[in-house]
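Residue numbers begin at 1 in each chain, while the letters A, B, ... track the order of the sequences. Everything numeric here is computed off the predicted structure, so don't read it as measured data.
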Protein chains: 2
Amino acid sequence: MSRILIAEDEARISTFMEKGLRAAGHTPSVVADGITALDYATSGQFDLLILDAGLPRLDGFTVLGLLRETKVRLPVIMVTARTSVHDTVAGLDGGADDYLAKPFRFEELLARIRIRLRNPVPGTLDHILKCGLLELDLHSRNAKLNGKEIELSSREFALAETFMRHPGQVLSREQLLSRVWGYDYDGTSNVVDVYVLYLRKKLGADRLATVRGTGYRLVEV
Amino acid sequence: MSRILIAEDEARISTFMEKGLRAAGHTPSVVADGITALDYATSGQFDLLILDAGLPRLDGFTVLGLLRETKVRLPVIMVTARTSVHDTVAGLDGGADDYLAKPFRFEELLARIRIRLRNPVPGTLDHILKCGLLELDLHSRNAKLNGKEIELSSREFALAETFMRHPGQVLSREQLLSRVWGYDYDGTSNVVDVYVLYLRKKLGADRLATVRGTGYRLVEV
DNA sequence: GGCCAACATGAGGGGTTTCTCATGAACGCC
DNA sequence: GGCGTTCATGAGAAACCCCTCATGTTGGCC
């Protein structure tokens, strides 16, 4: 059914899980330390990760943090022997999709796996673009500069979005005209210049650098 | 932050939750039986439901089942005093997004709420809303009717989005004013009527049904 | 049918957005 | 420094958006 990575160092538990998951129709693999876990998890070979908090070499929370940093959106179920509230909260806020305290009933693990697989990959951050202090929310269509909301018209937003999708890269007027305005060719208009001006007024002049003779470039400030 | 419905019959617990959630910046409401819970949950007024399993009049599992039958995709966190595996599994497979056994730490509830609100509507391509032949892309901000693109102004889009998030459900003028316009109270304006008219012109008149004396409703056509 | 309340809709004002044009400022090359 | 090219920017026209108001239409109740 699904390829599941088990990161667990206690052989007694990992063997138990492996057998159980296989019996439930999944395809489990076991790793016993954090570094290997991270390596396997980023391989793209798995649909879900069951992650023990107390792994050797690299603990579960760190693995989770690194995983989320690399934007790998694999569903993760944290498992821990510690029952402290702190750990639970840390695990969940660290990007885990679910949490289970040892000892747990196998049926419950299976049920939680079913949910995580049922709700595909939560698209958490894929609709937010960031560059330096600037932040664009593609859903709500508003921009934030240093945490403060900025009003952008829809054209301004589209232009900003194009820049944000290629931070640091020089974009020519033709490229921008084509992407933001859909013009296939129009050598005469200076709309781009004007809208760059508008954005500079709203986002700060130094955020968009002019590259003379070539175009404009978003600077990370 | 978020409007949260607490369905819990033990006053001691519901009061505790209510205060805690309010302190955490949410806007909680409490109901004490299953029938009221179902009623409130389908009103479209809430972002998340905390559902006790042992409610009077209609137990939590039944409420959950009925809720999912009506395609209301509200995130649900089941809470139960019973610790039997059977209940957990039933809750999760019944469509709950998460599960918490009493007694629980409040911090953990908060963390689980954060996740459920963070991963918006599970199970969908979370940026595309569909209802019948109508389709809304929240990223590109355009609408499609029977595959053909339709131009919507931003206000029209916001209104359409609100309807699409509660298909089939009657939304009052007050609800729409509050969600789309952010007006907290204004009995005089008829903007809603006007914008419903605009949408009808663009999306087809029969797509938005009038419910006399109550409001409007999106019809699946 | 007659009446009232609720809803539908056309007209239009005020504001914003979008774009063009004209002119001023800056840059780089000689 | 001088000069042409490139970029910046203010002014303003046209289109559009958003909302209000006034009036027409419909539905339900007696």
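Side-chain atoms of A:N146 and A:L134, non-hydrogen and from C-beta on, never get closer than 4.5 Å to each other. Counting heavy atoms from C-beta on, the side chains of A:I4 and A:F46 never come closer than 4.5 Å.
Residue A:T210 has a polar side-chain atom (N or O) positioned under 4.0 Å from OP1 or OP2 of D:dA8. Here B:R173 does not reach the OP1 or OP2 of C:dA6: none of its side-chain N or O atoms lies under 4.0 Å away.
Atoms CG (B:L159) and C1' (D:dC19) sit 14 Å apart, rounded to a whole Å. When the P atom of D:dT9 is taken as reference, atom CG of A:L199 falls 13 Å away, rounded to whole Å. The distance from atom NZ of A:K201 to atom P of D:dA8 is 12 Å, rounded to the nearest whole Å. Rounded to whole Å, the distance from CG on A:L197 to P on C:dT20 is 15 Å. A:D193 places its CG atom 11 Å from the P atom of C:dT20, with the value rounded to the nearest Å. Computed from coordinates, the A:R217 CZ to D:dC7 C1' distance equals 16 Å when rounded to whole Å.
In terms of modelled atom types and a separation under 3.5 Å, the side chain of B:D52 and the main chain of B:A7 share no donor-acceptor contact. Here the side chain of B:E161 pairs no donor or acceptor atom with the backbone of B:A158 at under 3.5 angstrom.
A side chain to side chain contact (heavy atoms under 4.5 Å, CB included) with B:V63 holds for exactly one of B:T36, B:L51, B:I35; it is B:L51.
B:V211 comes within 4.0 angstrom of the backbone, heavy atoms only, and of no base. Here B:V194 lies in heavy-atom contact (under 4.0 Å) with a base.
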5' to 3', nucleotides 22-30 of chain D under a 4.0 Å protein heavy-atom cut-off (B base, S sugar-phosphate only, - none) gives B---BBS--
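For B:K202, the NZ atom sits in a packed shell: over 12 heavy atoms of surrounding residues, nucleotides or ligands are nearer than 6.0 Å.
In this structure, CG on B:L49 lies 5.5 Å from CG on B:L74, to the nearest 0.5 angstrom. Taken to the nearest 0.5 Å, the OH atom of B:Y195 stands 14.0 Å off from the OH atom of B:Y216.
B:R200 and B:T210 share a donor-acceptor pair across their side chains, judged by distance under 3.5 Å alone.
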For nucleotides 12-18 of chain C, list the nitrogen or oxygen atoms of the protein found under 3.5 Å from its nitrogen or oxygen atoms, one pair per line.
residue, atom, partner, partner atom, Å
C:dT18, OP1, A:S154, OG, 3.0
C:dT18, OP1, A:R155, N, 3.1
C:dT18, OP2, A:S153, OG, 2.3
C:dT18, OP2, A:Y195, OH, 3.4
C:dT18, O5', A:Y195, OH, 3.2

